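All of these numbers come straight from a predicted model, not from anything done at the bench. In the text below, chain A, chain B and the rest are named by the order of the sequence lines, each starting its count at 1.
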There are 4 protein chains.
Amino acid sequence: MAAEQASAKPLRADAARNRAKVLDAARGVFAELGTGASTEEVAKRAGVGIGTVFRHFPTKESLLEAVLGEILAGFAEEARARGDSPDPGGAFFDFFQLVVGEAATKNAVSAELADAGVDVHAGRDDVRAELRGALGVLLTRAQEAGSVRGDIGFGEVMALLAGTSRATENLDVATRARVLDVVFDGLRASHA
Amino acid sequence: MAAEQASAKPLRADAARNRAKVLDAARGVFAELGTGASTEEVAKRAGVGIGTVFRHFPTKESLLEAVLGEILAGFAEEARARGDSPDPGGAFFDFFQLVVGEAATKNAVSAELADAGVDVHAGRDDVRAELRGALGVLLTRAQEAGSVRGDIGFGEVMALLAGTSRATENLDVATRARVLDVVFDGLRASHA
Amino acid sequence: MAAEQASAKPLRADAARNRAKVLDAARGVFAELGTGASTEEVAKRAGVGIGTVFRHFPTKESLLEAVLGEILAGFAEEARARGDSPDPGGAFFDFFQLVVGEAATKNAVSAELADAGVDVHAGRDDVRAELRGALGVLLTRAQEAGSVRGDIGFGEVMALLAGTSRATENLDVATRARVLDVVFDGLRASHA
Amino acid sequence: MAAEQASAKPLRADAARNRAKVLDAARGVFAELGTGASTEEVAKRAGVGIGTVFRHFPTKESLLEAVLGEILAGFAEEARARGDSPDPGGAFFDFFQLVVGEAATKNAVSAELADAGVDVHAGRDDVRAELRGALGVLLTRAQEAGSVRGDIGFGEVMALLAGTSRATENLDVATRARVLDVVFDGLRASHA
DNA sequence: GATGAATGAGCCTTCATTCAT
DNA sequence: CATGAATGAAGGCTCATTCAT
């Protein structure tokens with residue numbers, strides 16, 4: 001009654017633990033091996049039977065979605081945390097850099113980020129909405145503060161985020177910094 | 001310049017024709033269906049037996065590489081054609097836009113473009129060198145003309161090219177234009 | 001009537017209730033989905049956990065057997081009820097038709113009926129014996145009354161019952177009636 | 001040019017041989033182990049790789065259909081061969097017995113026979129049509145000769161065929177003979 | 001006793017690659 | 001050289017059965 005939290009079933013303690021293990025393993029595996037990695041590999045890394053993976057995520061696609069959801073949720077969280085920063089511009093660019101940096105390590109992140117901008121799969125709309133909301137705040141405030149050009153919206157930022165992440169994936173730190181600098185300058189441009 | 005058939009075999013006329021058919025088909029198939037498309041599909045579209053595909057490209061990966069090579073070669077060509085433009089800045093941005101636009105249609109292009117920036121696969125170094133040369137000219141001239149910031153090089157441009165292509169793949173035209181505008185502004189920035 | 005719990009355990013009230021629920025559900029599920037239906041489905045329909053199903057029926061096969069037993073028991077009951085009919089021939093054919101009609105609805109019935117004629121699985125001999133007894137009475141009386149040919153026994157009737165059920169499963173009513181008519185005429189034949 | 005025979009591709013000699021081997025193996029495997037037998041088993045018995053089975057029959061279902069088709073075609077052939085017998089009644093019953101006898105050995109036959117009566121799967125309509133034609137002749141002639149009752153058609157006969165086959169599958173010879181006798185008498189019955 | 005999460009063998013199917021024709 | 005049949009590893013997914021809670 002008090003804290004029901006999620007949606008349907010409370011999920012037994014061990015089941016929840018396994019679900020988390022699987023999700024974690026999946027994140028790692030897909031990051032390292034790409035989304036083409038086998039479900040078996042995920043199971044192995046999670047230290048569970050393959051049946052367990054499929055019990056929690058009845059489809060490979062659903063597993064992918066869940067991973068993406070987690071990532072996006074994490075980003076939304078980060079965005080939210082910066083929502084009332086006294087330095088809106090800094091907060092926005094800080095967030096941008098964080099996301100891109102994340103993608104540098106985990107290969108799959110950017111791939112999935114790309115999907116996140118567009119729609120594609122149902123069910124994750126909630127997470128996407130959250131991210132849209134939190135990032136929207138960041139963006140709007142930065143624009144109002146004059147730190148970010150006013151002629152772009154959520155869609156453009158997501159695309160830039162995904163694109164820069166992708167572009168940056170296998171680059172050395174210095175080059176990555178320069179690329180990011182270019183994009184940042186573009187974002188600042190007073191439309192010119 | 002002089003010598004045509006780089007390495008060993010002169011390649012009979014019909015063989016060369018088949019090689020070309022396969023390459024064309026592969027380009028189309030991978031563009032439409034992604035790199036996950038089956039080799040069989042390529043053979044079918046090329047109108048040849050699957051054995052023929054494997055005779056010319058002993059591995060699926062080698063076929064992918066060849067396709068990438070073709071794409072890069074085409075881009076190198078385009079870059080070269082703009083090498084002595086009286087408007088260096090225009091030439092550079094024109095080229096950039098052309099590449100990104102191409103990727104908008106052919107999904108696989110950007111995926112492969114990504115690899116092109118870094119090294120990854122051997123054998124394609126020659127094409128990459130050509131592209132580097134031609135694009136280098138475009139970039140340098142644009143920088144000398146003050147149209148592009150001076151603190152970036154080939155690597156950064158390739159990354160931006162790849163990233164923007166990816167970011168832009170599934171966007172509507174208007175959004176795509178805006179994203180491109182941001183990147184362009186970033187590239188123009190007087191270092192800031 | 002007298003003795004209820006045949007063999008070992010008295011079985012707690014709720015346990016017995018669960019057993020019944022499972023059996024009922026199984027009957028329905030197998031009838032609708034065929035014997036290939038999953039045990040999980042049975043559990044779901046019964047409103048119990050899958051563990052409960054396996055507690056009562058340690059094997060899917062044993063569950064199948066139990067279902068068959070129930071069906072046969074039901075038939076035995078029907079046969080018994082007609083055992084002292086003043087119209088032995090009518091009783092026999094009436095029973096035959098009843099069984100075949102049942103199978104028309106519940107697909108699995110006939111499949112299992114087939115096994116019932118022969119031996120196959122142990123443990124169900126008691127039910128089979130009951131059916132054999134009750135149907136035997138029906139048959140013998142019908143034969144003595146001259147309504148059914150005398151050169152056949154229980155085995156033949158069971159085979160005919162199973163076969164006709166099967167044959168009749170997916171037929172429209174009219175055709176089914178005609179097929180039944182043929183078999184009935186054959187059963188009546190004075191050996192000829 | 002001379003004998004094109006089939007439909008699309010002439011099929012290389014070895015390919016045809018393999019197709020036949022697979023079909024034969026499938027027939028045997030499904031007969032012995034039921035239609036639930038694995039495709040792998042079929043491949044093993046045929047002495048080919050599993051890929052070969054799927055090359056010829058892209059789906060397990062298509063393999064099943066092919067097997068059924070072969071069986072039906074064989075029956076159609078037998079029926080046709082008896083089409084102009086001087087003894088129409090004998091021809092009909094002879095054929096009936098032949099089919100039922102076949103089923104006695106090969107378990108799957110009757111299972112598939114059942115489907116054959118109704119429609120179920122497309123593609124096999126041609127074989128079914130042939131059988132319908134040939135058996136139709138047998139039936140009509142037998143009816144005209146007064147050997148078979150006139151109030152039944154192809155559908156009834158197919159159902160009886162399938163049902164009797166099923167009923168008879170695991171019976172000893174004597175019982176089988178008696179069951180068949182009953183059905184035959186029913187078929188002869190002057191409508192009664 | 002009941003529950004349902006965990007397990008893993010096994011199934012169908014795809015596809016890169018090889019090789020006889 | 002071209003062809004396409006053959007191959008078999010690998011992948012996604014299901015399901016009977018076990019066992020900790």
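- A distance of 8.5 Å separates OG1 in Thr52(B) from NZ in Lys21(B), rounded to the nearest 0.5 Å.
- To the nearest 0.5 angstrom, Leu68(A) atom CG is 11.5 Å from Thr35(A) atom OG1.
- Annotation: the span from Glu70(C) atom CD to Leu23(C) atom CG amounts to 4.0 Å, rounded to 0.5 Å.
- Going from atom CG of Leu33(A) over to atom P of dA10(F) covers 14 Å, rounded to whole Å.
- No side-chain heavy atom of Phe57(A) sits under 4.5 Å from any side-chain heavy atom of Glu65(A).
- Here the NZ-CD1 distance, from Lys44(D) to Ile50(D), works out to 10.0 Å after rounding to the nearest 0.5 Å.
- For Arg45(A), the side chain to side chain donor-acceptor pair (under 3.5 Å) criterion is met by Glu32(A), not counting sequence neighbours.
- Lys21(A) places its NZ atom 10 Å from the C1' atom of dA6(E), with the value rounded to the nearest Å.
- Listed nucleotides dA2(F), dG4(F), dA5(E) differ in distance to Arg55(D); the shortest reach to its side chain belongs to dG4(F).
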The contact string for nucleotides 12-21 of chain E, one letter per nucleotide 5' to 3', using protein heavy atoms under 4.0 Å with B, S and - for base, sugar-phosphate only and none, comes out as SBB-SBB---

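- In this structure, the side chains of Val42(A) and Phe30(A) come closer than 4.5 Å at one or more pairs of heavy atoms.
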Pairing string of DNA chain E (Watson-Crick or G-U wobble, both atom distances under 3.5 Å; | = paired to other strand) is .||||||||||||||||||||

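- With Lys60(D) contributing its side chain and Ser38(D) its backbone, the two residues share no donor-acceptor pair below 3.5 Å.
- Distance Leu64(C) CG to dC15(F) C1': 14 Å, rounded to the nearest Å.
- The side-chain heavy atoms of Leu63(B) and Val22(B), taken from C-beta on, include a pair separated by under 4.5 Å.
- For Thr52(D), no side-chain nitrogen or oxygen approaches OP1 or OP2 of dA5(F) to under 4.0 Å.
- A straight line from NZ of Lys44(D) to C1' of dG10(E) spans 11 Å, rounded to a whole angstrom.
- We find that NE2 of His56(C) is positioned 18 Å from P of dA16(F), with the value rounded to whole Å.
- Taking only side-chain nitrogens and oxygens, Asn18(B) never comes nearer than 4.0 Å to OP1 or OP2 of dC1(F).
- Along DNA chain E, the nucleotide closest to Gly47(C) and the one closest to Val48(A) are compared, and the more 5′ of them pairs with Gly47(C).
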